[in-house]
Structures are given as structure tokens and as C-alpha cells.
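Written below as C-alpha cells is the structure these notes are about.
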Amino acid sequence: MRSVNWITNGLLATLGVRPEDGGGNTLSREELRTLVSEAGAMLPERSRTMLVAILDLENATVEDIMIPRNEVDGIDIRDPEEEITNQLKNAAYTRLPLFDGDIDSVIGIIHVRDALHALLDRGLGKTHLREIGRQPYFVPEGTQLYQQLLNFQREKEPIGLVVDEYGDFLGLITLTDLLEEIVGEFASDPAHTIGEIYRGEDGSLLIDCGISVRELNRALRWKLPTNGPKTLNGLIIEHMETIPEPGTSLKLGGHALEIMHTAESAVKTVKFVT
């Protein structure tokens, strides 16, 4: 808490708000939250939102914002070179896990730029891929987001592989995703930046229910609970206590949703009319 307190106090001071009394006593997180909320006109709304987000970093762990292992795109060194080349050309990220046969067998992190250079120079055989793969940076499950922000800075790493106590791969977390927890998405329309949200022909938002609740809250400025299911699919199933049929309507946190597509064990897509 001390580091979060120090950063928040510093930000408040630059904006002319003095969070410490004459004795220099440090305020608790809840006292800081109250001070930020009551700052009113002294703090622009954007600044208040960011300060509260910094305080909230200690309430969440890396599992809350990581990309789950079943959704992680990576390069399998056993795939044909042509297939690997197509993956690299169409990659959504600049860094990808490099694995050997199975996503649980991560052997490195490959930078798309390095891989394309290697392709032009000497091809993308198994040996060459291993040579350009960088040492993976592992993040223990349960790590608080604020601590992970400091760890990224210390290790000078922009991407981490989240593992459990047995070393099993759980998911992937990036510095960009963590920073977006503080500053929000880098575009005003979530349909432009969030892969799980896209705009329908009628102007409504179609939402892939595999999206994390935290990411959905951040993208649409909702306040759905984050202390239960991690995904929108999980939240809907918990709320309805069944797999609903397409066409079913419900309200979550005051937001009206319509079930569009389901599978045997999950809700796949919902529609939200903005």
C-alpha cells in the first residue's frame, strides 16, 4: 500500500490537493479514495478516474486481466514454415509465445519483427525459431496488479506468462493491458479497439461473452461485479442459473442485454443497444 499511497499523494500534490496533514501522516487507501472522490472541481473528472484506478490496482490480481491460455495465440515450432509465416503476417500482437507442440510447453517469446527478419535471412526452421526466441518472463498467479506494474518496470518486460504454483501456464498479461486499467482504452469507441466488442448494422454492440468482466467494465464504463465470475459468460450463467436460449433478454447491473448465440455449455454472444 505504501507505494500506491506515495504515487497517489504525489499526483494529488501536483494538482494542488494536499492529502497529508501537517504531521506528515500517511492516509489509508480508503481515506485517499474519499479525498479523491470529494475533490470536486479541484480535480478534473479524468484525473479522479485515474487516481481511483491506481488505488484499485491493489484490489485485483493478474488473473483478472490476463488473456486465458485457451485464447492465447502462439507459434508452434512443429508447424510447417508456410503456416508459421502466415501466422506472423496476421498476428494481432508484436510478441507471441513460442511453444513446442502444446501451449503448455512454452519455450520462449518471439518478436514478430525478429521472426520476419529471420524469414528473409535464413528461414524459420525449428533451430532458427529457438535461436530468436527470448527467455519467457513468468508471473506467479495471485500477483497484485500494482506489484506487477512495478515488476514490469524493474524487469523491463512488456509481457508475462502467468503460471500457478506447479508451473502450469494459465494465461498471458501485457503491460499495455495493465496500463489500460489506469488510463482506460486508447480509443473512444470500444468497437474499434476491443476484439470481443463489435458494432452491428443497427448500431448496437455485439459482445463476445468470453470477454473479461473487468475489460467490459473498462470499455463501456459499467460497474458489473468483479468479485465473482471472471467473464461475461460466467456472470450471465450465474445470474440466470442456466444456459439461456437465444432471444432471451436480461438485465445485468441495469444494462439490458439480449442473448444472440449460445453453445451447449456457454453463452457466446449478446447484444447491447447503446
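This structure is a prediction, so every number in the text was calculated from the model and none was measured. FYI, the numbering just counts along the sequence from 1.
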Applied to residues 95-126, the ring-ring contact (aromatic ring centres under 6.0 Å, His included) test, sequence neighbours excluded, yields none
If a pair satisfies ring-ring contact (aromatic ring centres under 6.0 Å, His included) and one of its residues is in residues 250-274, list it, with sequence neighbours excluded.
W222-H255, W222-F272
I need the full list of side chain to side chain donor-acceptor pair (under 3.5 Å) pairs touching residues 232-246, with sequence neighbours left out, sorted by first then second residue.
none
Residue pairs passing the side chain to side chain donor-acceptor pair (under 3.5 Å) test with at least one member in residues 71-88, sequence neighbours excluded, are R78-D100
Between [Y] and [X], is there a side-chain heavy-atom distance shorter than 4.5 Å?
{"X": "T143", "Y": "I173", "value": "no"}
{"X": "R199", "Y": "L205", "value": "yes"}
{"X": "L250", "Y": "V270", "value": "no"}
{"X": "D64", "Y": "K230", "value": "yes"}

Residue pair [X] / [Y]: nearest heavy atoms and the distance that separates them:
{"X": "I243", "Y": "A266", "answer": "CD1-N, 4.0 Å"}
{"X": "P244", "Y": "I236", "answer": "CG-CG2, 4.3 Å"}
{"X": "K271", "Y": "S204", "answer": "CD-OG, 3.2 Å"}
{"X": "G142", "Y": "V62", "answer": "N-CG2, 4.2 Å"}
{"X": "A118", "Y": "I132", "answer": "CB-CD1, 4.2 Å"}

If you round to the nearest 0.5 Å, how far is [atom2] of [Y] from [atom1] of [X]?
{"X": "I197", "Y": "I211", "atom1": "CD1", "atom2": "CD1", "answer": "4.0 Å"}
{"X": "E180", "Y": "L175", "atom1": "CD", "atom2": "CG", "answer": "10.0 Å"}
{"X": "T94", "Y": "I110", "atom1": "OG1", "atom2": "CD1", "answer": "12.0 Å"}
{"X": "L206", "Y": "E258", "atom1": "CG", "atom2": "CD", "answer": "10.0 Å"}
{"X": "M66", "Y": "S212", "atom1": "CE", "atom2": "OG", "answer": "10.0 Å"}
{"X": "L216", "Y": "D208", "atom1": "CG", "atom2": "CG", "answer": "11.0 Å"}

Go through the structure and list residues passing side-chain contact (heavy atoms from CB on, under 4.5 Å) with [X], not counting sequence neighbours.
{"X": "P225", "value": "N227, L235"}
{"X": "T226", "value": "V213, R214, N217"}
{"X": "V163", "value": "F138"}
{"X": "P246", "value": "T262"}

Please name all residues satisfying salt bridge (Lys or Arg N to Asp or Glu O under 4.0 Å) with R69, sequence neighbours left out, ordered by chain then number.
D104
Go through the structure and list residues passing salt bridge (Lys or Arg N to Asp or Glu O under 4.0 Å) with D114, not counting sequence neighbours.
R134
Can you give me every donor-acceptor pair (side chain of residues 147-157, partner residue at least two apart or in another chain, under 3.5 Å) with its distance?
unit_1, atom_1, unit_2, atom_2, d
Q147, NE2, N151, OD1, 2.9
Q148, NE2, Y137, OH, 3.3
N151, OD1, R154, NH1, 3.2
N151, OD1, R154, NH2, 3.0
N151, ND2, Q147, O, 3.4

State, without any angle test, whether T174 and D177 hold a side-chain donor-acceptor pair at a distance under 3.5 Å.
yes
Please, which pairs that meet salt bridge (Lys or Arg N to Asp or Glu O under 4.0 Å) have at least one residue in residues 138-151, sequence neighbours excluded?
none
Can you tell which of L98, V72, L172, L161 makes a side chain to side chain contact (heavy atoms under 4.5 Å, CB included) with V106?
L161
